[in-house]
Amino acid sequence: MRSVLVPIVCFPGLAPARPVPWTSGPTHRPSRPPAPHPLECSVEDLWVRGGRILDPEKLFFEERRVADERQDCGGRILAPGFIDVQINGGFGVDFSQATEDVGSGVALVARRILSHGVTSFCPTLVTSPPEVYHKVVPQIPVKSGGPHGAGVLGLHLEGPFISREKRGAHPEAHLRSFEANAFQDLLATYGPLDNVRIVTLAPELGRSHEVIRELTARGICVSLGHSVADLRAAEDAVWSGATFITHLFNAMLPFHHRDPGIVGLLTSDRLPAGRCIFYGMIADGTHTNPAALRIAHRAHPQGLVLVTDAIPALGLGNGRHTLGQQEVEVDGLTAYVAGTKTLSGSIAPMDVCVRHFLQATGCSVESALEAASLHPAQLLGLEKSKGTLDFGADADFVVLDDSLHVQATYISGELVWQAEAARQ
C-alpha cells in the first residue's frame, strides 16, 4: 500500500498521549525533541499507511520518499479528528425516531459532520418508549469511518432512567425508574446492548448502583446526568463504575457551597485512586455561561469533553423540528421545547464549539483541541487509536487554519472532506 506524506506547519502536542513532533529532510535522519512538552516546529511530516500513523524514523531507513506522494496542506494546524459523544441528530435526521430506514439517516449525519472536523461520533437517543429502542438500537451498529462519513463508535442512550425534576427536554411520560430486578428492567427497556457505548442515568434512583456495575462490567460507559443527586450519591456512583457527567451544569442541581452536587466530582477527594472523571460541556454560547466554562476548565481541565448535544435542527435554521417524542422550536441560536423556555439541545456543530470554548476560556489551542479529540477518546478507552497523532494511531485527523476553521478532514489517512478554498 502507498504511504501518504502530509507536511504540516505547527501542530499542537496533545498530552498525555502527546504526539512527538519531528523534522526531516531528504538527506538527514529525522530527529525528535524530547516528549512530552508541546512544541511548535517549522515543518512536520506525517506518514500514513493502511490508515495508521507510522514512525518516520523507522520508515526513513526502510523506504525512499516519493515526491508525488507529498500533499502540501499549506502550513496549517494538524489535529486529531474530533469525536462527538453526544449528538442527537442533525440536518433533519432524528436518531430517536423509529423510521423504517434508520441507517440512511445516520449515514447522512455521518457524512455532513465531516465538514465540521468530526471523524467519529456516538449517535444519541433521548428518552423514548421501549418500542423505539427495540427498533432503532439494532439498526445503528458500530461502523468504521471513511469517505462515506464519520465512524460510529456506539450509541449513547440518554434516559429514560433519569430524574423527573431535571428531565429537561425529555418527555415525562416515558421516564422510568428501576424495578426490583433492575438490570433486567433496563434490558427490557433497551433490548440488546451490543451497539451501546454510553448510558446516561440518574444515580439517585433506587438500585442504580447495581445497574452501573452491570453496565461497566460489559464495557459500557455510565454517565451521570439529568439528576438531583448530591455529591455523596455521585461519588458512590463513581465507586460503582461511573466515569462521565452528561452536559455539566445543565439538568442537575446547581452548585451549592455546602453540597456541590454532581459538579463537586470535578474536585472531589473521595474518588478511587487514579480515576479521572470526565464531563461533557456544551460550549455553544447558550447552554453554559463563559464564566462557568472557565470555572470547570480551571478546576479539572484534563476531564473536559466538548459535546455538541446537537438536535435534528442542526443545519436547518429557524422553525419547528422534532427531538424524539417532542417538538422543538428554533429561534436564532437557541432551541426550546415548543411552547416553553426549556432548552432542548444545541444547533452548534463541533468546530463552532471548539472555537467558542477557546475564546470563552482563554485556554491554549492545544487544550481546546484536546477537549474535542483526546479527552473523548480517553473516556471511551480509545486513546491508543483515536484522539491522538501518536505513532500507531488511526490516521483520523483534521487540518485547520489559524482561526480553527476546518480546511480538510482525513479518516484512515484518506481525504474525506475539503473546504472549497483549500481546493484552489
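Scope of the values below: all heavy atoms of this structure, side chains included, with no hydrogens, waters or symmetry mates. Here the structure is a predicted model, which means the values were calculated and not measured. Start at 1 with the first residue, then count along the sequence.
Across every non-hydrogen atom of Val93 and Val106, the tightest pair is CG1-N, 4.3 Å. In this structure, Gly345 and His287 approach most closely via the heavy-atom pair O-CE1, 3.2 Å. The heavy-atom pair separating Glu204 from Val228 by the smallest distance is OE2-N, 2.9 Å. Pairing each heavy atom of Ala283 with each of Leu306, the nearest pair is CB-CD2, 3.8 Å. For Val118 against Met350, the heavy-atom pair with the smallest separation is CG2-CB, 3.7 Å. Counting all heavy atoms, side chain and backbone alike, Thr388 lies closest to Ile53 at O-CD1, 4.2 Å.
Side-chain atoms of His300 come within 3.5 Å of backbone N or O of Ile277 as a donor-acceptor pair. The closest donor-acceptor contact from the side chain of Ser412 to the backbone of Glu414 lies at 3.5 Å or more, if one exists at all. Between the Tyr133 side chain and the Leu157 main chain, no donor and acceptor come within less than 3.5 Å of each other. Here the side chain of Thr409 pairs a donor or acceptor atom with the backbone of Leu114 at under 3.5 angstrom. Thr334 contributes no side-chain N or O that, together with a main-chain N or O of Gly332, makes up a donor-acceptor pair within less than 3.5 Å. Side chain of Thr340 to backbone of Val337: a donor-acceptor contact under 3.5 angstrom is found. Not one N or O on the side chain of Gln86 forms a donor-acceptor pair closer than 3.5 Å with the backbone of Thr246. Proximity of a side-chain donor or acceptor of Ser268 to a complementary backbone N or O of Gly264 within less than 3.5 Å is not detected. Between the Asp394 side chain and the Asp396 main chain, no donor and acceptor come within less than 3.5 Å of each other. Of the possible donor and acceptor atoms, one in the side chain of Gln97 sits under 3.5 Å from a partner among the backbone N and O of Gly324.
Side-chain contact between Val222 and Ser240 is absent, with no heavy-atom pair separated by less than 4.5 Å. Val399 is listed as a side-chain neighbour of Tyr410, based on a closest heavy-atom distance under 4.5 Å. Residues Val406 and Ser115 form no side-chain contact, since every pair of their non-hydrogen atoms from C-beta on lies 4.5 Å or further apart. No side-chain heavy atom of Met281 sits less than 4.5 Å from a side-chain heavy atom of Phe357. Side-chain contact between Pro123 and Val109 is absent, with no heavy-atom pair separated by less than 4.5 Å. Side-chain contact check for Leu231 versus Arg270: every heavy-atom pair is 4.5 Å or farther apart. Considering only heavy atoms from C-beta on, Asp351 stays 4.5 Å or farther from Leu404 through its side chain. For the pair Cys363 and Arg298, the minimum side-chain heavy-atom distance is 4.5 Å or more.
Taking the six-membered ring where tryptophan is involved, the planes of Phe161 and Tyr190 are perpendicular, since the angle between them exceeds 60° and thus also 30°.
For His174 and Ser128, the side-chain atoms include no donor-acceptor pair closer than 3.5 Å. When only modelled atom types and interatomic distance are considered, Ser163 and Glu165 share a side-chain donor-acceptor pair under 3.5 Å. Residues Asp259 and His256 have side chains that never bring a donor and an acceptor to within less than 3.5 angstrom of each other. Side-chain N/O atoms of Ser403 and Asp401 include a donor and acceptor closer than 3.5 Å. One side chain, Asp309 or Asn88, offers a donor N or O that lies under 3.5 Å from an acceptor on the other.
The six-membered or imidazole ring of His170 lies near that of His226, with a centre-to-centre distance under 6.0 Å.
Atom CD1 of Ile245 and atom CG of Asn250 lie 12.5 Å apart (nearest 0.5 Å). Between Gln407 atom CD and Leu400 atom CG the span is 7.5 Å, to the nearest 0.5 Å. To the nearest 0.5 Å, the span separating CG on Leu125 from CG on Asp94 amounts to 8.5 Å. Between Arg167 atom CZ and Ser227 atom OG the span is 14.5 Å, to the nearest 0.5 Å. Rounding to the nearest 0.5 Å places CG of Leu314 at 9.0 Å from CD1 of Ile113. Here the CD atom belonging to Gln378 is positioned 12.0 Å from the OG1 atom belonging to Thr243, to the nearest 0.5 angstrom.
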Test side chain to side chain contact (heavy atoms under 4.5 Å, CB included) applied to Val199 and Leu193, step by step: CA-CA 10 Å; Val199 170; Leu193 300 176; 5.7 Å; no
Criterion side chain to side chain contact (heavy atoms under 4.5 Å, CB included) on Leu380 and Ile198, from CA distance to verdict: CA-CA 9 Å; Leu380 298 178; Ile198 305 173; 4.0 Å; yes
Residue pair Val305, Tyr279: steps toward the side chain to side chain contact (heavy atoms under 4.5 Å, CB included) verdict: CA-CA 6 Å; Val305 173; Tyr279 58 98; over 6 Å; no
Stepwise side chain to side chain contact (heavy atoms under 4.5 Å, CB included) check, Ser344 with Gln326: CA-CA 10 Å; Ser344 58; Gln326 300 202 109; over 6 Å; no
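Under a cut-off of 6.0 angstrom, the local environment of CG in Leu316 is crowded, with over 12 non-hydrogen atoms contributed by other residues, nucleotides or ligands. The environment of CD in Gln359 is sparse: at most 12 heavy-atom neighbours from other residues, nucleotides or ligands sit within 6.0 Å. Within a 6.0 Å sphere centred on CD of Glu100, other residues, nucleotides and ligands contribute 12 heavy atoms or fewer.
Ion pairing of Arg76 with Asp402 is absent here, as no side-chain N (NZ or NE/NH1/NH2) approaches a carboxylate O to less than 4.0 Å.
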